[in-house]
Amino acid sequence: MKEPFRRALGLIRTLKQHGYEAYFVGGAVRDHLLNRPIGDVDIATSALPEEVMAIFPKTVPVGLKHGTVVVLHDGTPYEVTTFRTEGTYEKYRRPESVTFVRSLRKDLERRDFTMNAIAMDETGQLIDLFGGQQAIAERIIRTVGDAKARFSEDALRMMRAIRFVSQLGFALSAETKQAIIEHASLLSYISVERITGEFEKLMEGPFAQKAFSLLVETGLFTYLPGFSDKQEELMQLAKYDWTKLSAPLERWSLLCYLLHVQQEVSVFLRRWKLPNRLIKDVQTILRFLSVVRSRCDWTRERMYEAGATYAYAAETVRSLINGEDGEDNRRRLRELFAKLPIQERNELAITGKDLIEWYQRPGGPWLADTLQKVEQAVLHGLVENEKERIKGWLILCNQTHGKNC
Ligand SMILES: Nc1ccn([C@@H]2O[C@H](COP(=O)(O)OP(=O)(O)OP(=O)(O)O)[C@@H](O)[C@H]2O)c(=O)n1
Ligand SMILES: [Mg+2]
C-alpha cells in the first residue's frame with residue numbers, strides 16, 4: 001500500500017475497532033490506480049459524524065450537514081465522511097442536507113463517475129461495484145448509473161467530466177457526453193467560484209486541447225462566464241499547446257488574448273470572480289503582449305518597466321502564440337536581463353536620502369524627478385551604478401545645465 005494510505009491506516013483501524021466500517025474513497029483511490037500522485041486521502045465510514053467526533057481526540061466539524069468531520073491523525077488532517085445518499089437535490093446543486101446511511105454501496109452509488117466510485121479497505125482490497133477499474137483500463141469517463149440523473153443532482157459534474165478529460169486524456173462515454181449536451185444549461189445554477197475552480201484545472205491539464213474541443217462540442221461553453229458569443233474564438237483554444245504555460249497568470253492571459261477580450265479584460269475576469277491581483281497582472285501581461293510582437297522588441301525600457309517576472313510570463317505567452325520555442329526565447333531574454341545595469345529601482349546605488357543630503361534641500365517633486373533621471377541614466381549606461389560616480393555625474397549635469405546628461 002502506498003505511503004499516503006499507510007499513514008492513514010491507524011485511523012481506519014480505530015474506526016473498525018469501534019465496530020464501524022471505514023474505507024479509502026474518491027480521488028485518492030482513482031489516482032492510486034492510475035499511478036498518479038495521490039492528493040488528499042478521503043475516508044468514508046458508517047459512523048455518524050458525532051460518533052467520529054466521540055472516537056478521535058482532535059476533530060473539526062467542517063461540514064456536519066454533509067457528514068464531514070476532519071480528523072487530525074499523526075499531524076495530518078483527513079476528511080472523514082459518513083456514508084450518505086444525497087436524496088433531494090435543490091436547483092441542480094449539491095444538497096443543503098444529506099441522508100446518512102450505513103451502506104457503502106449506497107454511498108458509492110451517489111458518486112459522479114465510476115472511476116471515482118471505487119473504495120479500498122485497509123488491506124488494499126478494492127470494492128468496485130460499478131466497473132470503475134474497467135473504465136480506467138478503457139480510459140473512459142462514465143457516470144455511475146444514469147448520466148442525466150447524476151448531472152441533474154449536481155450540474156458542476158459536467159465541468160468535472162471535461163476537467164478530468166484534460167487531466168487524464170480519457171474519453172467521455174457516449175451516454176455521458178450526450179447527457180452533457182442535453183443538460184448543459186443546468187450549469188447556470190452553479191456558483192461561479194466552483195466553475196472557476198474546475199476551469200483552472202481544465203486549463204492546466206496535459207490534455208487541455210481535447211477538453212476545449214469538448215466544451216465546444218457539448219455546448220457547455222455557452223454557460224461559462226463571458227463565453228456565450230465566443231464559439232469561433234474558442235475553437236482557437238484547442239490549437240495551442242497549453243502545457244507550454246506554467247502558471248495561472250499565463251493561462252488567463254492566453255485565454256483573454258485568444259478570446260479577444262483585451263478591451264474589457266477586467267470586466268471579463270471579474271465575471272470569473274478572480275482575485276484583483278490576478279486581474280491586474282493579466283492586464284499587465286496583455287499590455288506587454290501587445291507591444292512586444294517579436295523577441296527583438298524587448299528594449300531596455302520595456303524589460304525594465306515590466307520587470308523579470310512579468311517579462312518572462314509575457315514572453316512565454318508570446319512565444320506560444322507565435323509558434324516559437326519559448327524556452328529558447330526565455331533564455332535570450334534572461335541574457336538581455338543580465339546585461340541590464342539594474343533590473344529594478346531598489347538596485348540603484350543611491351536613494352532619496354542621498355539626494356537630500358547632497359543638495360541640502362528638503363524633499364519635494366524635484367526628488368522624484370532627479371531619482372528618475374538617475375535611474376534612466378544608469379539603465380542606459382550613461383553613468384555607472386555607483387554612489388560617487390552618480391554624485392559626480394549629477395554635479396556635471398548641474399554645471400552644464402543638463403547638457404551632458
Ligand atoms: N460533484 C461531485 C464532487 C465529488 N464527488 C465525489 O467525491 C469525491 C471527492 O471529491 P473531490 O475531492 O472534489 O474530487 P476528486 O475526484 O477527489 O478530484 P481531485 O483529485 O481533483 O480532488 C469524488 O471522487 C467523487 O466520488 C461527486 O460525486 N460529485
Ligand atoms: Mg479530492
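Just so it is clear, the structure is predicted and the values come from calculations on it, not from any experiment. One-based numbering, in listed order, for ligands and for the atoms of each.
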Visitor: What atoms in ligand 1 come closer than 4.0 Å to a heavy atom of Gly26?
Guide: 24 (O)
Visitor: Do Trp242 and Phe207 have their ring centres less than 6.0 Å from each other?
Guide: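 Judged by ring-centre distance (under 6.0 Å), Trp242 and Phe207 do not meet the cut-off.
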Visitor: Among Val29, Val41, Asn116, which one has a heavy atom closest to atom 26 (O) of ligand 1?
Guide: Asn116
Visitor: Mind checking whether Phe221 and Phe227 have ring centres under 6.0 Å apart?
Guide: no
Visitor: Counting from 1, what ligand 1 atoms have a heavy atom of Arg163 closer than 4.0 Å?
Guide: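 Listed by number with element, the hits are 18 (O), 19 (P), 21 (O).
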Visitor: Look up atom CD in Glu193 and atom NZ in Lys273, then write down how far apart they are to the nearest 0.5 Å.
Guide: 4.5 Å
Visitor: Counting heavy atoms only, which of Met159, Arg30, Arg160 comes nearest to atom 5 (N) of ligand 1?
Guide: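 Selected option, by shortest heavy-atom distance: Arg160.
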Visitor: Tell me the contacting part of Glu79 for ligand 1: side chain, backbone, both, or neither, using a 4.0 Å heavy-atom threshold, strictly below.
Guide: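 None of Glu79 does.
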Visitor: Check step by step if ring-ring contact (aromatic ring centres under 6.0 Å, His included) holds for His73 and Phe56.
Guide: CA-CA 9 Å; His73 174 74; Phe56 297 97; 7.4 Å; no
Visitor: Does the pair Tyr23 and Glu122 meet the rule for a side-chain contact (heavy atoms from CB on, under 4.5 Å), with working shown?
Guide: CA-CA 7 Å; Tyr23 302 91; Glu122 80 279 14; over 6 Å; no
Visitor: Do any heavy atoms of Phe164 fall under 4.0 Å from ligand 1?
Guide: yes
Visitor: Between Asp154 and ligand 1, which residue portion shows a heavy-atom distance shorter than 4.0 Å: side chain, backbone, both, or neither?
Guide: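 Only the side chain of Asp154 comes within reach of ligand 1.
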Visitor: Would Lys201 count as a contact of ligand 1 if the rule is a heavy atom under 4.0 Å away?
Guide: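 Within the 4.0 Å threshold, so yes.
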Visitor: Ignoring hydrogens, what is the shortest heavy-atom contact between Cys256 and Val282? Give both atom names and the distance.
Guide: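 The pair with the smallest heavy-atom distance is SG-CG1, 4.2 Å.
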Visitor: Using the ring centroid of each side chain, check whether Tyr189 and Tyr223 are separated by less than 6.0 Å.
Guide: no
Visitor: Applying a heavy-atom cut-off of 4.0 Å, say which part of Arg111 lies close to ligand 1: side chain, backbone, both or neither.
Guide: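 Within the 4.0 Å criterion, Arg111 contacts ligand 1 through backbone and side-chain atoms alike.
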Visitor: Hey, does Gln167 come in under 3.5 Å of ligand 1, counting only N/O atoms on both sides?
Guide: no
Visitor: When you measure from the side chain of Thr45 to the backbone N and O of Thr82, does any donor-acceptor pair fall under 3.5 Å?
Guide: no
Visitor: Would you say Asp42 and ligand 1 have an N/O pair spaced under 3.5 Å apart?
Guide: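 Such a contact does not occur with ligand 1.
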Visitor: Please confirm whether Arg150 approaches ligand 1 to less than 4.0 Å, judged on its heavy atoms.
Guide: no
